[in-house]
Trainee: 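Handing you this structure, nothing more for now.
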Amino acid sequence: MKKGNVEDDAQVVLQRKNVQKQLDEFQMLSAIFCNHGELQVDDYSCIDNLNGFICGEIEQLSAKLDYRFNLPLLSDQKVELLVQLPHLYPSLELPRIVIRSAEIAREQERLLTVKIEQYIEEEILERDEPYVYQVICWIQDHIVEMLQSTAEKKELSTSCKHTTIEHKPIIFERLWIYSHHLKSKMKRQTIVKTARELKLTGFSRPGKPAIICVEGHQADTQEFWRTIKPLKWQKIQIKLSETSTSETATEMVQLRHFAFGFREELFCEMDEDSDTEDQPMSMSLFMKFLEKHNCGYVKKELFGIQNMINMQPS
């Protein structure tokens with residue numbers, strides 16, 4: 001047997017062991033968090049894929065196990081905990097666990113994620129067995145303390161920025177992002193919430209294909225990309241990045257093509273018998289929208305010549 005085949009077989013065995021542990025842990029968590037809505041999976045077909053891989057019916061994994069908790073962690077509201085598991089969790093890779101709430105600002109969410117990662121790195125030393133439940137319990141016990149400390153760090157950071165202001169040119173950026181599809185309500189909510197919190201303008205077109213455009217400070221557009229890229233996608237990429245330099249905030253406002261803010265747009269003919277996200281995109285409506293906002297040039301960048309031939313305008 002060739003060395004490469006031996007290594008590939010060992011990798012498959014390792015993945016199967018880890019995935020089996022992930023599913024066992026999920027079953028245990030389902031029994032613990034059994035109240036309605038406490039533990040949810042957006043796409044249960046991923047569990048079928050993982051089981052098929054373990055049994056040898058499927059040769060390659062095409063999905064990762066992602067789920068979310070909705071728990072009353074604060075006295076006046078529920079908090080969402082998003083869990084994303086790589087294929088080699090728990091033995092070699094770390095889970096990504098993110099705290100989400102309408103009352104928590106995006107920057108504070110990022111600080112909370114860092115605290116969770118630090119806890120895993122420093123406190124969970126034996127990682128041969130799953131430990132998501134341990135992390136969730138730790139969050140339940142410490143979330144108020146975490147919110148207070150991250151709020152203080154945010155205020156301190158903001159204060160430091162105000163005292164060290166330098167007159168530097170503002171880098172404006174517009175990102176055109178293309179994905180195979182976008183249907184998950186969680187992802188759609190994350191996209192809109194993140195863009196609005198970062199003061200970005202543009203739009204998101206859910207369905208198939210999915211198109212997202214964000215524009216604003218380059219630091220904010222890049223933060224937006226860092227936030228949505230790790231979400232589960234079949235395919236997602238930046239098709240075009242446009243940058244400009246402006247000396248004042250007023251000049252940057254003039255560079256924006258989408259002054260209305262950020263919102264979802266469907267670009268489809270409405271059919272009462274179908275879900276809007278399943279409707280094919282009307283190229284004529286989309287082009288009218290782009291032309292209205294002085295962005296007609298981007299059609300070729302988004303779809304390419306071959307795809308433009310295959311897509312029929314309505």
Side-chain angles (χ1 to χ4, degrees), residues 41-43 45-46 49-50 60-68 80 82-89 93 95-98 100 106 109-110 113 173-198 200-243 257-258 262-268 275-281 283 286 289-290 295 297-308 310-311:
V41 176
D42 286 327
D43 184 6
S45 66
C46 73
N49 177 259
L50 297 179
Q60 291 187 338
L61 289 168
S62 62
K64 295 179 181 179
L65 182 56
D66 298 347
Y67 47 87
R68 52 194 167 95
E80 188 175 53
L82 308 181
V83 179
Q84 302 168 347
L85 301 181
H87 294 148
L88 294 179
Y89 162 83
E93 294 181 288
R96 177 174 171 80
I97 301 177
V98 179
R100 288 278 160 81
R106 174 71 195 119
E109 286 181 356
R110 187 188 66 78
T113 301
E173 184 173 52
R174 183 181 301 109
L175 296 180
W176 294 92
I177 302 169
Y178 183 96
S179 174
H180 180 267
H181 69 273
L182 171 58
K183 292 186 178 181
S184 164
K185 290 183 179 179
M186 183 274 289
K187 281 193 283 191
R188 290 168 61 183
Q189 291 170 354
T190 298
I191 287 168
V192 174
K193 179 174 181 287
T194 304
R196 289 177 177 175
E197 287 186 349
L198 293 171
L200 301 175
T201 53
F203 67 92
S204 171
R205 194 275 170 182
K208 181 179 180 181
I211 299 167
I212 305 167
C213 175
V214 287
E215 55 182 14
H217 287 273
Q218 186 177 51
D220 295 329
T221 55
Q222 290 300 314
E223 175 65 17
F224 176 85
W225 175 242
R226 285 193 295 270
T227 300
I228 71 165
K229 186 180 179 182
L231 302 178
K232 185 173 64 177
W233 302 93
Q234 181 172 331
K235 179 181 179 182
I236 188 169
Q237 64 182 126
I238 296 175
K239 284 281 190 174
L240 178 64
S241 171
E242 304 174 77
T243 58
H257 287 333
F258 303 95
F262 188 92
R263 66 190 184 202
E264 280 196 349
E265 299 281 356
L266 294 176
F267 311 116
C268 61
D275 293 334
T276 53
E277 297 85 356
D278 293 329
Q279 293 291 310
M281 183 170 71
M283 286 303 297
F286 182 53
F289 177 83
L290 292 180
C295 296
Y297 59 88
V298 81
K299 183 171 67 170
K300 181 179 178 181
E301 298 286 348
L302 288 175
F303 302 111
I305 297 175
Q306 185 61 41
N307 286 335
M308 287 303 302
N310 294 335
M311 296 186 69

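Residue numbers run from 1 in the order of the sequence given. Quick caveat: nothing in here was measured; it's all calculated off a predicted structure.
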Trainee: Between Ser179 and Lys235, is there a donor-acceptor pair closer than 3.5 Å when you use the side chain of the first and the backbone of the second?
Mentor: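 Yes, because the side chain of Ser179 sits within donor-acceptor range (under 3.5 Å) of the backbone of Lys235.
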Trainee: Do any N or O atoms from the side chain of Trp225 and from the backbone of Ile177 form a donor-acceptor pair under 3.5 angstrom?
Mentor: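 Checking the backbone N and O of Ile177 against the side chain of Trp225, no donor-acceptor pair under 3.5 Å is found.
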Trainee: Between Leu302 and Lys239, what is the shortest heavy-atom contact and its length?
Mentor: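 Answer, listing the atom of Leu302 first, then Lys239: O-CE, 3.3 Å.
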Trainee: To the nearest 0.5 Å, tell me how far Lys187 NZ sits from Ile212 CD1.
Mentor: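 One finds 9.5 Å between NZ of Lys187 and CD1 of Ile212.
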Trainee: For a quick test of reading the model, state the closest non-hydrogen atom pair linking Leu231 to Thr227 and the distance between them.
Mentor: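 Answer, listing the atom of Leu231 first, then Thr227: CG-O, 4.0 Å.
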Trainee: Just how far is it from atom CD of Glu223 to atom CG of Leu198, taken to the nearest 0.5 Å?
Mentor: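 It is 6.0 Å, given to the nearest 0.5 Å.
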Trainee: For residues Pro206 and Leu266, report the shortest heavy-atom separation together with the two atoms involved.
Mentor: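 Closest heavy-atom pair between Pro206 and Leu266: CG-CD2, 3.7 Å.
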Trainee: With a 4.0 Å cut-off, would you call Arg174 and Glu242 a salt bridge?
Mentor: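 Between Glu242 and Arg174 there is a salt bridge, with a charged N closer than 4.0 Å to a carboxylate O.
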Trainee: Please determine if Lys64 and Glu93 form a salt bridge, counting it only when a charged side-chain N lies under 4.0 Å from a carboxylate O.
Mentor: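 So Lys64 does not pair with Glu93 through a salt bridge.
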Trainee: Looking at every heavy atom in both Phe262 and Thr201, which two are closest together, and how far apart are they?
Mentor: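 Taking every non-hydrogen atom into account, CD1-C, 4.0 Å.
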Trainee: The criterion is ring pair (Phe, Tyr, Trp, His ring centres under 6.0 Å); which residues satisfy it with Tyr89, sequence neighbours excluded?
Mentor: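 By the ring pair (Phe, Tyr, Trp, His ring centres under 6.0 Å) rule, Tyr89 matches Tyr131.
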Trainee: So how far is it from Glu215 CD to Glu173 CD, rounded to the nearest 0.5 Å?
Mentor: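 Between Glu215 CD and Glu173 CD, I get 11.0 Å after rounding to 0.5 Å.
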Trainee: Looking at every heavy atom in both Asp66 and Leu85, which two are closest together, and how far apart are they?
Mentor: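 Looking at all heavy atoms of both residues, the closest pair is OD1-N, 3.6 Å.
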Trainee: Atom CZ of Arg226 and atom CZ of Arg110: how far apart are they, to the nearest 0.5 Å?
Mentor: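 The CZ atom of Arg226 sits 8.5 Å away from the CZ atom of Arg110.
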Trainee: Quick check for you: to the nearest 0.5 Å, what is the distance between Lys208 atom NZ and Leu182 atom CG?
Mentor: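 Those atoms lie 13.0 Å apart.
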Trainee: Among Lys193, Lys185, Arg100, Arg68, which one satisfies salt bridge (charged side-chain N to carboxylate O under 4.0 Å, His left out) with Glu80?
Mentor: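 Of Lys193, Lys185, Arg100, Arg68, salt bridge (charged side-chain N to carboxylate O under 4.0 Å, His left out) with Glu80 is met by Arg68 alone.
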Trainee: Got Arg263 and Phe258 here, is their nearest side-chain heavy-atom distance under 4.5 Å?
Mentor: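 Answer no - side chains too far apart.
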Trainee: I would like to know whether Glu301 and Trp176 meet side chain to side chain contact (heavy atoms under 4.5 Å, CB included); could you show each step before the answer?
Mentor: CA-CA 9 Å; Glu301 298 286 348; Trp176 294 92; over 6 Å; no
Trainee: Quick one: do Lys183 and Arg188 satisfy side chain to side chain contact (heavy atoms under 4.5 Å, CB included)? Show the steps, please.
Mentor: CA-CA 7 Å; Lys183 292 186 178 181; Arg188 290 168 61 183; 5.9 Å; no
Trainee: Per the side-chain contact (heavy atoms from CB on, under 4.5 Å) rule, which among Thr194, Leu175, Val214 passes with Leu200?
Mentor: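 It is Val214; the other options fail the test.
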Trainee: Checking Phe286 against Ile211 for the side chain to side chain contact (heavy atoms under 4.5 Å, CB included) test, could you report, in this order, the C-alpha distance in whole Å, the side-chain angles of both residues, the deciding distance, and whether it holds?
Mentor: CA-CA 11 Å; Phe286 182 53; Ile211 299 167; 3.8 Å; yes
Trainee: Before you tell me yes or no, could you show the steps for Ile191 and Phe224 under side chain to side chain contact (heavy atoms under 4.5 Å, CB included), namely the whole-Å CA-CA distance, both residues' side-chain angles and the distance that decides it to 0.1 Å?
Mentor: CA-CA 8 Å; Ile191 287 168; Phe224 176 85; 3.9 Å; yes
Trainee: For Gln218 and Thr243, indicate whether the former's side chain and the latter's backbone hold a donor-acceptor pair under 3.5 Å.
Mentor: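 Not confirmed, Gln218 side chain does not pair with Thr243 backbone.
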Trainee: In Å, rounded to the nearest 0.5 Å, how long is the span from CD of Gln60 to CG of Asn49?
Mentor: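 It comes to 10.5 Å.
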Trainee: Which heavy atom in Cys46 sits nearest to a heavy atom in Ala63, and how many Å separate them?
Mentor: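 Where Cys46 meets Ala63 most closely, the heavy atoms are CB-CB, 3.6 Å.
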